[in-house]
Amino acid sequence: MPRSEPIKAVRGVRDILPADLPVWRAAKSGAEDMARKFGYEEIITPILEKAELIERVGEDTDAVAKELYRFDDRGGRNLALRPEATAGVVRAYFEGLLNQGPQPSRLYLFGPMFRYDRPQKGRYRQFFQFNAEAIGSGAAGLDAEVVELAHSWLAAVGLGDLRLELNSIGDAKCRPAYLERLKAYYRPLKSQLHGDCQLRLEKNPLRLLDCKVPQCQPFKAGAPRVTDFLCDECSAHWAAVRRLLDAASIEYQHNPYLVRGLDYYTRTVFEFYPGGATGQQDALASGGRYDGLAEELGWPATPGVGFAGGLDRVTELMAAKGEDGAASPPADVLVLPDGDLAVEAAEVARICRAARAVAVDYEPKSLRAKMRSANKLGARWVVLLSVEDAARRVAQLRDMTSGDQTELAWDELPIHFV
RNA sequence: GUGGCUAUAGCUCAGUAGGCAGAGCACCAGAUUGUGGAUCUGGGUGUCGCGGGUUCAAGUCCCGCUAGCCACCCCA
């Protein structure tokens, strides 16, 4: 036994083990297939970004203010592990000159994100997202498109029973006036709000709307609704998005209190939840429009819209519904050498790999034990190699399903794996 | 960041009222003079998560820490 504590994984992160991967592959290929059907191209951006890139877009959000993995590298650069992908994708869109091609640029991305949260069911410090972003157009058609893409993906992986919540939070033109009305409404109530909300009142009043503390609930109903104060353009956009979703037969609920966690959203915001939702850690996908983001990062003002889907939660639900992909044995053929025949066994395996996935059992165990593990691994064939066989360059091929066993020359083996 | 529950063999867990550390599974070997699945038999030295404390005696009681699970918060 070890003298000291064995080294374990970092808190809040986890391994996705071979047995888990069939369902992960299904979730991922479903996403990828759907993104391609919608004309999206894959992009991979770094996990590391300048801390400033992240902080610029969400100073007031938990994900950035409290949960950011931030550190200085050896050169003194202030870096962060990305807590979300959109800022990095927008940065790459400009740096990669995608802004000079046909617009919009339709991009999708898979990768890990990092947030220093307290771990819990469906919430990890390293978690995996599928993102789709349409950058370079303000058309309402794209808002509906990314919603439909997310919806189609979830339906394709067996999670079609969904609740979609939708809202519009206006833009730089109309939101300031609305926020003044909201503050005016809440100021007289300030003493009755809970601590965080008293701070939010002046700093980030929109977040008063999605507060879940019981003592703040009674005041929501009387609060002005952002959708009642949209400017003409935002109002037309909001109507257009809803009309497009209706035409696509995608059901949604208007949630006037949905404001989203990140600061950069404008106009459309949405979240997908599983149908029979009871728990809290259950948002499967969410997103919205971010017309002010590019400018906030110092690039030319450029509209965009997109969403992020949580693969950890999607795979968990898929597994719970029995949607796990079929597990296949790692090798179809297992070579079981007798005694000290490692060189010969490796050669036989090499020959067999022309036709099948082949592994060799090099363990110094009894033949019986090797047969047992071959059986447990689910190998379809076993190639038995004795000293006498090896000298004649033959082997015994055993079909593990039928139990039939025949002697064959090494070179004859591949054509028998059918 | 806050709260509740938990931590004993590779895994899942028992361990009564403080008094010799257990079971099932898995794994290995044998029955079968080296050929899988069934059955039977044999095989356990584990800092009882880490550190302190109480006690003649602590897996068991107390404190701290770490980690896991769950909830709050927040979100994916």
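Computed from heavy atoms alone, side chains included, the values below leave out hydrogens, waters and symmetry copies. In this text the structure is predicted, and so the values were computed from the model without any measurement. Throughout, protein chains are lettered first and strands after them, A, B, ... in sequence-line order, and every chain is numbered starting at 1.
In a base pair of the Watson-Crick type (N1 to N3 plus N6-O4 or O6-N4) or a G-U wobble (N1-O2 and O6-N3), with each distance short of 3.5 Å, B/A31 is matched with B/U39. Pair assignment for B/A23: B/U12, on the basis of Watson-Crick or G-U wobble contacts that are both within less than 3.5 Å. Figure legend. B/C48 is base-paired to no nucleotide; pairs are counted as Watson-Crick or G-U wobble with both atom distances under 3.5 Å. In a base pair of the Watson-Crick type (N1 to N3 plus N6-O4 or O6-N4) or a G-U wobble (N1-O2 and O6-N3), with each distance short of 3.5 Å, B/C74 is matched with no nucleotide. Of all nucleotides present, none satisfies the Watson-Crick or G-U wobble test against B/G18 with each distance under 3.5 Å. In this structure, B/C69 forms a base pair with B/G4, meeting either the Watson-Crick or the G-U wobble geometry with both donor-acceptor distances under 3.5 Å.
Rounded to whole Å, the P atom of B/G1 lies 28 Å from the corresponding atom of B/U60. Only the P atoms considered, B/C11 is 15 Å distant from B/A26, to the nearest whole Å. Separation of the C1' atoms belonging to B/C63 and B/C56 is 23 Å when rounded to the nearest angstrom.
If you check every strand for non-hydrogen atoms under 4.0 Å, A/A285 touches sugar and phosphate atoms only. Using a 4.0 Å heavy-atom cutoff across all strands shown, A/L336 reaches no nucleic acid atom at all. Within the nucleic acid shown, A/G12 comes within 4.0 Å of sugar-phosphate atoms alone, with no base atom in reach, counting heavy atoms only. Within 4.0 Å of A/Y124, counting heavy atoms only, lies at least one base atom of the nucleic acid. Looking at heavy-atom distances under 4.0 Å, A/E84 makes no contact with the nucleic acid at all.
Ion pair A/E271/A/R260 flagged as a salt bridge, since at least one NZ, NE, NH1 or NH2 atom sits closer than 4.0 Å to an Asp/Glu carboxylate oxygen. Looking at A/K370 and A/D361, no side-chain N of the basic residue comes within less than 4.0 Å of a carboxylate O on the acidic one, giving no salt bridge.
In terms of modelled atom types and a separation under 3.5 Å, the side chain of A/Q217 and the main chain of A/C211 share a donor-acceptor contact.
Sparse packing is recorded around OH of A/Y116, with 12 or fewer heavy atoms of other residues, nucleotides or ligands lying under 6.0 Å away. Enclosure of atom CD in A/Q215 by more than 12 non-hydrogen atoms of other residues, nucleotides or ligands within 6.0 angstrom is indicated.
Between A/R207 and B/C73 there is no side-chain polar atom (N or O) within less than 4.0 angstrom of OP1 or OP2. Phosphate contact (OP1/OP2 of B/C69, side-chain N/O of A/K121, threshold under 4.0 Å): absent. Under 4.0 angstrom from either OP1 or OP2 of B/C74 there lies at least one side-chain N or O belonging to A/R200. Listed pair A/Q129 / B/A76 fails the phosphate criterion, with no side-chain N or O lying under 4.0 Å from OP1 or OP2.
Relative to the ring axis of A/F114, A/R125 does not place its NZ or CZ within 45° and under 6.0 Å from the centre.
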Where protein sits on nucleotides 25-32 of chain B, one letter per nucleotide: B base, S sugar-phosphate only, - none, heavy atoms under 4.0 Å: -SSSSBB-
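Interface remark: the A/R260 side chain does not form any donor-acceptor pair with the B/C74 base, using a distance-only criterion of under 3.5 Å. Judged by distance alone, with hydrogens and angles left aside, A/Q405 brings a side-chain donor or acceptor within reach of the base of B/U35, the pair sitting under 3.5 Å. Donor-acceptor pairing under 3.5 Å, judged by distance alone, is absent between the side chain of A/R11 and the base of B/U66.
When A/E133, A/E145, A/E41 are each tested for a side chain to side chain donor-acceptor pair (under 3.5 Å) with A/R106, only one passes: A/E145.
Between the C1' atom of B/U66 and the CZ atom of A/R118 lies a distance of 12 Å, rounded to the nearest Å.
With contacts defined as side-chain heavy-atom distances shorter than 4.5 Å, the pair A/I44/A/L109 does not qualify.
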